[in-house]
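Because only heavy atoms are used, hydrogens play no part in the values below, and waters and symmetry mates are left out as well, while side chains stay in. Whatever order the structure lists them in is the order used to number ligands and atoms, beginning at 1. Here, residue 1 is the first one in the sequence, and each next residue gets the next number.
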Amino acid sequence: METTNQENQKEIISLPRIGDQAPAFRAVTTQGEIDFPKQYEGRWVILFSHPADFTPVCTSEFMTFSAMEKRFNDANCKLIGLSVDGLYSHIAWLRTIKEKIEYKGMKGVEVKFPLIEDITMEVAKKYGMIQPGESNTKAVRAVFFIDPKGTIRAMIYYPLSIGRNFDELYRALVAMQTADKFSVALPADWRPGDDVIVPPAGSCGAAKDRMEGKDNLYCYDWFFCTKKISKEDIEKN
Ligand code: BEZ
């Protein structure tokens, strides 16, 4: 059946949302075929796209992300990259990075996580990575955080010209894991070891107890109470 231009456009800009199941796909990668998200059950995944191989911002991003890969893996998180380039381009680019590029003290960087080839843009379209206002032919810099049950928990989009902050991606991952584990919320700029926010009190009585300091909490007001969780406790989990 033929599709209209408008239908095509809708497909290109359809964005999965926070709380949705991650769209499933099978793909060829630099590390063999993957069946996503089935194969990653029980692990967090950061699925991210970049506009093109052999480009400078993307090269700086891949080197930075690769240098941090162990930290993500230690936090039970796997990395998966994607661009609409083909497998041989990916392989040649990653080899060039390893053999030739020295950047900010990083040298001989081997990208060990899978990089998806997506010449047909099938996966990129499922994840709203093709955003025609920015480019019809390249993926924007999208980042999807997908939890161990295959649910999309957060996403970030950056334009072609701006490299991402990978410390922030790590911070957001640990924040989501901490929120899940301890049933808390995290305040602005939270880092492990900082105070966390406890859920609202269930009744006026409980709120009053909190305000009087009976719960070992620090309350700025009845709706804004915090407690301590040590960095060690967060790292243990
Ligand atoms: C880059 O990675 O340098 C880049 C890629 C596409 C457009 C602009 C910059």
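- Note: an N/O pair closer than 3.5 Å links T55 and ligand 1 by distance alone.
- Taking a cutoff of 4.0 Å between a charged side-chain nitrogen and a carboxylate oxygen, R71 and D74 do not qualify as a salt bridge.
- At least one heavy atom of P56 lies less than 4.0 angstrom from ligand 1.
- Close approach to R141 involves these atoms of ligand 1, each under 4.0 Å from a residue heavy atom: 1 (C), 2 (O), 4 (C), 5 (C).
- Separation of the Y40 and F36 ring centroids falls under the 6.0 Å cut-off.
- Of all atoms in ligand 1, listed by their number and element, those nearer than 4.0 Å to a heavy atom of C58 are 1 (C), 2 (O).
- Distances below 4.0 Å separate heavy atoms of V57 from the following atoms of ligand 1: 1 (C), 2 (O), 3 (O).
- Nearest protein heavy-atom neighbour of atom 7 (C) of ligand 1: L160 CB, 3.7 Å.
- The existence of a salt bridge linking E69 and K112 is excluded, since no basic side-chain nitrogen approaches an acidic carboxylate oxygen closer than 4.0 Å.
- Between K149 and E41, no side-chain nitrogen of the basic residue sits less than 4.0 Å from a carboxylate oxygen of the acidic one, so the salt-bridge criterion is not met.
- A salt bridge is defined here as a Lys NZ or Arg NE, NH1 or NH2 lying under 4.0 Å from an Asp or Glu carboxylate O, and D180 with R153 meets this definition.
- The shortest contact between atom 6 (C) of ligand 1 and any protein heavy atom is with P51 CB, 3.7 Å.
- Salt-bridge formation is detected for the pair K236/D233: a Lys NZ or Arg NE/NH1/NH2 atom is positioned less than 4.0 Å from an Asp or Glu carboxylate oxygen.
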